[in-house]
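Note that the structure is predicted; figures quoted are calculated from it, not measured.
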Protein chains: 2
Amino acid sequence: MGVTRQTKQVKTLLDIFNTENNAISVADLVKKLSGQMNKTTVYRILDRLMEDGIVHSFVGKNGLKWYAKCQGCSCDAHFDVHPHFQCKVCGEVSCLTSSFKIPEVKGYKVDAVNLLLVGTCSDCL
Amino acid sequence: MGVTRQTKQVKTLLDIFNTENNAISVADLVKKLSGQMNKTTVYRILDRLMEDGIVHSFVGKNGLKWYAKCQGCSCDAHFDVHPHFQCKVCGEVSCLTSSFKIPEVKGYKVDAVNLLLVGTCSDCL
DNA sequence: AAATATAATGCAACCAAGTTGCTTAATTAA
DNA sequence: TTAATTAAGCAACTTGGTTGCATTATATTT
Ligand SMILES: [Mn+2]
Ligand SMILES: [Mn+2]
Ligand SMILES: [Zn+2]
Ligand SMILES: [Zn+2]
């Protein structure tokens, strides 16, 4: 299990994910929380929250790690497989609700799919 | 235009991409070529080769940058839009020939798609 | 075959993201 | 309230990637 103690820092992180609709990069979190919390703490809490199925992570177009809140996941399995969208203009990253089928590739066994759409979001169009 | 002079270092890089079927991470290239070539040079040549449509780049599942040879691209446009596959066992990354249609998302303008399949390759099954 | 112009390399220093080991503090249970 | 132990802080480190500038090598001109 991931989080076992309800520390002030865990509450802070949970609050951020509960009020924020979009995904957040770890780098941004560390910056935003500098002074409140050590960056090592941020990384470790995110790890634990992911173990618990509270958040999920993925890699953005520049190789940075992003986190977003899960919808209906548990510590046993991450169910919400979905694409992500990254806006080239404002930089915002969001989870898309549209599902997609895992493509079959002959000779390969596909376990996970990372689908990142890059373009311009509705606000920036 | 990217490459204008046929230096020893450029030839070395081109030779690697012409003999290697799979994608190569920049980190691996820098390691493999250490002693032969400065890492700054590796990064800069890769940039130029990409400008010329000779190689293309993408981000692997751990956020590392990978390069692979293009098929039929020019300095004007990178045409070969395709998914990539990363094997969790041996770590190899390869370009998939299967094409896919760019998904439409209401309200968004999608310019590029990064599709990375993660699983087990035929050698490791 | 020099001389020239300048593209490209090497080097060192730097930056940013992420990790590790260990000490100290805070939460929870007894 | 004490004790057990999870979790936070801190500092040092690692790795991938970038930048500025001096030097070298390529291609072109004379
Ligand atoms: Mn998501
Ligand atoms: Mn490819
Ligand atoms: Zn936007
Ligand atoms: Zn494999």
Euclidean distance, atom [atom1] of residue [X] to atom [atom2] of [N] [Å, nearest integer]:
{"X": "A/Gln36", "N": "D/dG9", "atom1": "CD", "atom2": "C1'", "value": "15 Å"}
{"X": "A/Asn62", "N": "D/dG16", "atom1": "CG", "atom2": "C1'", "value": "13 Å"}
{"X": "B/Gln6", "N": "C/dT9", "atom1": "CD", "atom2": "P", "value": "11 Å"}
{"X": "B/Ile24", "N": "D/dG16", "atom1": "CD1", "atom2": "C1'", "value": "17 Å"}
{"X": "B/Asp52", "N": "C/dA8", "atom1": "CG", "atom2": "C1'", "value": "14 Å"}
{"X": "B/Tyr43", "N": "C/dG10", "atom1": "OH", "atom2": "C1'", "value": "16 Å"}
{"X": "A/Leu14", "N": "D/dA7", "atom1": "CG", "atom2": "P", "value": "13 Å"}
{"X": "B/Asn38", "N": "D/dT23", "atom1": "CG", "atom2": "P", "value": "16 Å"}

Under 4.0 Å between any heavy atoms, over every strand shown, what does [X] touch: base, sugar-phosphate, or nothing? Just pick one.
{"X": "B/Arg44", "result": "base"}
{"X": "B/Lys39", "result": "base"}
{"X": "A/Val3", "result": "sugar-phosphate"}
{"X": "A/Val30", "result": "nothing"}

Check every atom of D/dA8, C/dA7, C/dG18 against the side chain of A/Lys65 and return the nucleotide holding the closest atom.
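Comparing D/dA8, C/dA7, C/dG18 against the side chain of A/Lys65, the answer is C/dG18.
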Select one nucleotide: of C/dG21, C/dT9, C/dT27, the one nearest the side-chain heavy atoms of A/Arg5.
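Selected nucleotide (nearest to the side chain): C/dT27.
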Record whether the side chain of A/Thr7 comes under 3.5 Å of the base of D/dT6 through a donor-acceptor pair of N or O atoms.
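Per atom types, no contact qualifies.
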At under 4.0 Å, does any side-chain N or O of [X] touch on OP1 or OP2 of [N]?
{"X": "B/Thr4", "N": "C/dA8", "result": "yes"}
{"X": "B/Lys8", "N": "D/dT24", "result": "no"}
{"X": "A/Gln9", "N": "D/dG9", "result": "yes"}

Beyond-backbone contact of [X] with [Y], side-chain heavy atoms, under 4.5 angstrom:
{"X": "A/Asp111", "Y": "B/Lys88", "answer": "yes"}
{"X": "B/His84", "Y": "B/Leu117", "answer": "no"}
{"X": "B/Leu33", "Y": "B/Thr12", "answer": "yes"}
{"X": "A/Val26", "Y": "A/Leu64", "answer": "no"}

5'-most contact on DNA chain D: A/Thr40 or A/Ile45, nearest heavy atom basis?
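Comparing both residues, the 5'-ward one is A/Ile45.
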Give me the bend of the helix from C/dA1-D/dT30 to C/dA30-D/dT1, using the axes of the five pairs at each end, rounded to 10°.
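Answer rounded to 10°: the end axes differ by 20°.
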Quick check on the hydrophobic clustering: are B/Val81 and A/Val118 connected, directly or via other members, by side-chain heavy-atom contacts under 4.5 Å?
no
If we ignore angles and hydrogens, is there a donor and acceptor under 3.5 Å between the side chains of B/Asn114 and A/Lys61?
no
Tell me the closest heavy-atom pair linking A/Ala68 and A/Phe58, and the distance in Å.
CB-CE2, 4.5 Å
Spell out, as yes or no, whether a donor-acceptor pair under 3.5 Å connects the side chain of B/Asn38 to the backbone of B/Thr40.
yes
